[in-house]
Structures are given as C-alpha cells and as structure tokens.
There are 2 protein chains.
Amino acid sequence: MDAQSIKVACSNCNLRELCLPMGLNSAEMSKLDDVISTRRRVKRGAALFSTGERFTSLYAVRSGFFKTCVTTADGRDQVTGFQMTGEIIGLDGIVSDHHSCDAIALEDAEVCVMPFDQVEELSREFTTLQHHVHKIMSREIVRDHSVMLLLGSMRADERLAAFLLNLVQRLHARGFSQSELILRMTREEIGSYLGMKLETVSRTFSKFVEDGIIDVKQRYVHIKSTEGLKEIVNSQNCR
Amino acid sequence: MDAQSIKVACSNCNLRELCLPMGLNSAEMSKLDDVISTRRRVKRGAALFSTGERFTSLYAVRSGFFKTCVTTADGRDQVTGFQMTGEIIGLDGIVSDHHSCDAIALEDAEVCVMPFDQVEELSREFTTLQHHVHKIMSREIVRDHSVMLLLGSMRADERLAAFLLNLVQRLHARGFSQSELILRMTREEIGSYLGMKLETVSRTFSKFVEDGIIDVKQRYVHIKSTEGLKEIVNSQNCR
DNA sequence: CGTGCCTTTGACGGACATCAAGATGCGTGG
DNA sequence: CCACGCATCTTGATGTCCGTCAAAGGCACG
C-alpha cells in the first residue's frame, strides 16, 4: 500500500467551506486539526480501500477523483458513485466495521485521513460537527435515492443528461466552468454507474452532439445548451 | 393528519433488540424512554410524512409496513424502499431539514416518534447510542448501494428473486416463516422499486411458478426452493 | 513509432415495455 | 346474501430500446 503521511491542517485548507470543517468556529477547527493529521496519496488506478478491509477512517478527497464500486461474488460490478474534491468517502464501512465497496482513484489523488473513532469523539463534544456528520450521511442517502430514480425510471439519454448536469453542477461549486469539463472516467465506468453499456453511452454522446447540445472530444465535453440537457431529463420520454 | 399520542417505553418494547435501543444498558434505555415518548398511528394509504415537509423526527416502525418513494416534478415516481417492524424511517430529512421523499403506510401502522434533536443530544451523552445511529445510517447507504447494483446490472428475474430473498430474510429475522410471506405491496409498487413494469413483475412471478420455485396466490407467496431463487440471482444471466 | 486501451459506429437480436382484454378478488350497498 | 363496481392481477400480441457482437479508428504512453 503506497501510503504516505504529511502534516496537515483543516484550518488553512482552501476546501474547508466544502468539506468536513464546514461551519466550525476556530476553536473547534483547531481541535479538528489534531484529529485529521495525516494525508495519503493514492496513485491513479490504485485502491484507497477495498471490499472486506477493516474500516477505521473516513476520507476527504483533497485532490483527484475517485469512483466507488460494489462487486458481487459472481463478478458483477456496479459503480455506486464518483467523488471529487471535498467529498467524503468511506461511510459504507461504519455499519459492519468493514468496507463494503472499493474506492479507486481515477487520477493521482490525495485524501485527508479522518480516524472515525476520533471523529465520533469530537462530534460528542461539538454539536456543530455532530450535526454536520449527520448531514453528510443523510446527503449520501438522498443522493443514492436519486440514483435509484435514475436507474429505475429513466431512459438512456435522460440518464446521461442528468449525469452531465450533476457533474458540471458539482464542478461549478468548486470554481470550474459551468459549460466545460473533462471526464475523469471511461465510457465503461459511466455506463456502469448509469446502468447501461459503454456502446450505449458512446452512442448517446454522439446523439447529443448531432442535436447540437454538446461538443465531445474524447474526455473533453463542452455543454452548449444546459437547457437542452434539462429538457431531455424532463422530456418524460416515457418508459 | 391523523396523529395520536400514546405513552410508550422502549425499555419494555419487544423490538428493542432490533430497533434503536439495540445494545443500550438499562440506564441509557430509561433516558431513551424520555425521548421517545409518543407513538403515532398511520392509516393504510396515508402518509407518515411527505416530500417538502419540515423534518423534525425519525420514526421507528412499531407495527405495519411502509414504502418510501421519491417523486419528480414531472410525475415520475420511484419506490426507494419498503420498511417493516423495527426499521427506521426519515433519515432523508436530516440533510436539508426537509423530507425529500414520501413515506406511505401500506397497511394500518404505528410508529414511535423520535425527535431528532433529542436523539442527537442523547447520542452526545452515550457512545453506544451515537455509534448505533451512525450504523443505522451507514446500513441504509449500503442497502442503497445494493439496490443500485440490482437496478444497474440485473435482469428482471434476478431482481425479483433477490427481492423475495431479501423480504423473507428480513421477515425471518422478525420470527416469521422462511418460506411463506404475504406481500404488502402491489405488483406496481414492486415494479417501481425494481425498475420494471407491473406486467413484467406478474409475468416473472408466473415464470417462477411454472419452474416450480414458488407458489403464488395473489399477495400470498410460498417459496418452495430458496436455492432455486439463489441460483437465479447468481445465474449471471448476463446482461 | 508501435502497442494497447479507449472510443466510435454498424448490424442484428432479445428482453422488456406497451397496448389491450379478461379474470379474479374484495368491499359496499341494496 | 347476492350483485355490482373497482382495484388488482394475469396473459397475449406487438413494438422498441438497448444489449451484443464485430471491426476499425484515435490517442496516450513507453
């Protein structure tokens, strides 16, 4: 395992308004600094953790991009999410003290390690932190429900449109463009997340290009009409 | 809203080993009794809460059966889960202080009302409770991920088989039969949960009956071969 | 500059949706 | 107690979206 430790502090991290420390005052923040004292680098393609590994910590993405995926005994595989800067990974491990999915870096990445017992200890002390931890978990549940909606009731083009809108929205919240993005994942990974085959993903991209809604050049995507994408999502294309 | 209050105590509830109080000692239990002081009856078809309503409390199902479902502006609708005795409803509301789904009783039901601010307060005091609350939320996340796997990568018969196995397993944990069950939901609701149409659900039931794996009479299901169902789930039927 | 991964595109087929018509069961009221 | 209406469920016929299989092109990286 290519772990590497670096001294680190939330209090002067530029992600603090997006990440775990959100809303903490400076006294609380300095306590948190004591808890989150290490970072870990993860090379592209490597696992931050794998299914079955003992759960000890949550991780905040400091830089880079991750996917999480569950795998069944019979080799089926489902991407359950993509995580970018400031997002929290590892919540799946709490219930059984073992991780129930793999977290894979899609590009060289760095995470802040947050030992969960210490997070729990601190959140008994600070209401703000406690509440924030609860919100993070609840947010994940709500997100999962919207993915279920997508997988259960949407057509291929609606799924991809919703996916793109969600990605740029999150990137925009991090100061990136509202209309341009670089996909960090392959067509196959997008397909796994959206419950469709990579060929269908590719074809659907091509259709969007034909319709003049987006430009695509490999991993680069330029959204020419956000409205166009929104119309597709709400097109009630039936099914 | 047909609310009705009843004095109540976790400490002598026969679900305490399944529900929130799990693992608490008697001192902790009696504190919890103070927090969870009311129950609420919900008539079949009525909502425990609806999308957009202010979030104040979690609910533990005391009796009866619920579904939760998210609804989009354009009328699309997805059942995100079915909840039975001892299971917790309402976690979706924490993140935004408002519920993001509807919780509907599928039969006359009763829930224990757990004001969330008081749950938080108590879980700052008792490590056991704090940890248990975290586990409950994590369990929901893990469950959601397995539903994503189901929706994203399984065929109709695999989905239905997995669904039946999950239901009897949970019922069995509550002292019911491993092989017989009464479905509390319609074919349409099953279909919504599993991402298929009610006709497909019905046809798939019929196929299972033909194959001698189950008997079905309306809502009544008798599982003649648990192994048969497991084989279907793992059949790697492709897709 | 070649090798391998990723992506695109086409042709074809299958699983499931759609549309439609009956069957079955249940609650209600005469 | 029976008749009626309504919701739910079943089953068939047909259509279509997307998966499968296959081949070729593009890009990155050693």
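Numbers restart at 1 for each chain; the letters A, B, ... are given by sequence-line order, proteins then strands.
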Looking only at side chains, do A:Thr226 and A:Gln178 share a donor and an acceptor under 3.5 Å apart? no
Under 4.0 Å from OP1 or OP2 of C:dC6: is there any side-chain N or O of A:Arg219 that close? no
Does C:dT7 have OP1 or OP2 sitting under 4.0 Å from an N or O in the side chain of A:Ser202? no
Output the rounded distance in Å from [atom1] ([X]) to [atom2] ([N]).
X	N	atom1	atom2	answer
A:Leu106	C:dC6	CG	C1'	14 Å
A:Lys217	D:dC27	NZ	P	6 Å
A:Met154	D:dC18	CE	P	13 Å
A:Lys207	C:dT8	NZ	C1'	17 Å
A:Lys197	C:dC6	NZ	C1'	16 Å
A:Arg184	D:dA28	CZ	P	13 Å
B:Ile190	C:dC16	CD1	C1'	17 Å
B:Arg155	D:dG19	CZ	C1'	11 Å

The test is salt bridge (charged side-chain N to carboxylate O under 4.0 Å, His left out); show your working for B:Arg203 and B:Glu210 and say whether it passes. CA-CA 10 Å; B:Arg203 268 186 252 273; B:Glu210 270 177 48; over 6 Å; no
Taking the six-membered ring for Trp, are A:Phe82 and A:Phe66 ring centroids under 6.0 Å apart? no
Ranking D:dT10, D:dC27, C:dA17 by distance to the side chain of B:Ser206, first place goes to D:dT10
Pairwise 5' ranking along DNA chain D for A:Val201 and B:Thr200, keeping only the more 5' one: B:Thr200
Return yes if the base of C:dT18 and the side-chain atoms of B:Arg203 contain a donor-acceptor N/O pair under 3.5 Å, otherwise no. yes
Evaluate the ring planes of B:Phe49 and B:His99, with Trp represented by its six-membered ring, and classify them as parallel (under 30°), tilted (30 to 60°) or perpendicular (over 60°). parallel
Categorize A:Glu199 for me: base, sugar-phosphate, or nothing, with a 4.0 angstrom heavy-atom threshold over every strand shown. base
4.5 Å side-chain heavy-atom contact, B:Leu149 and A:Thr72: yes
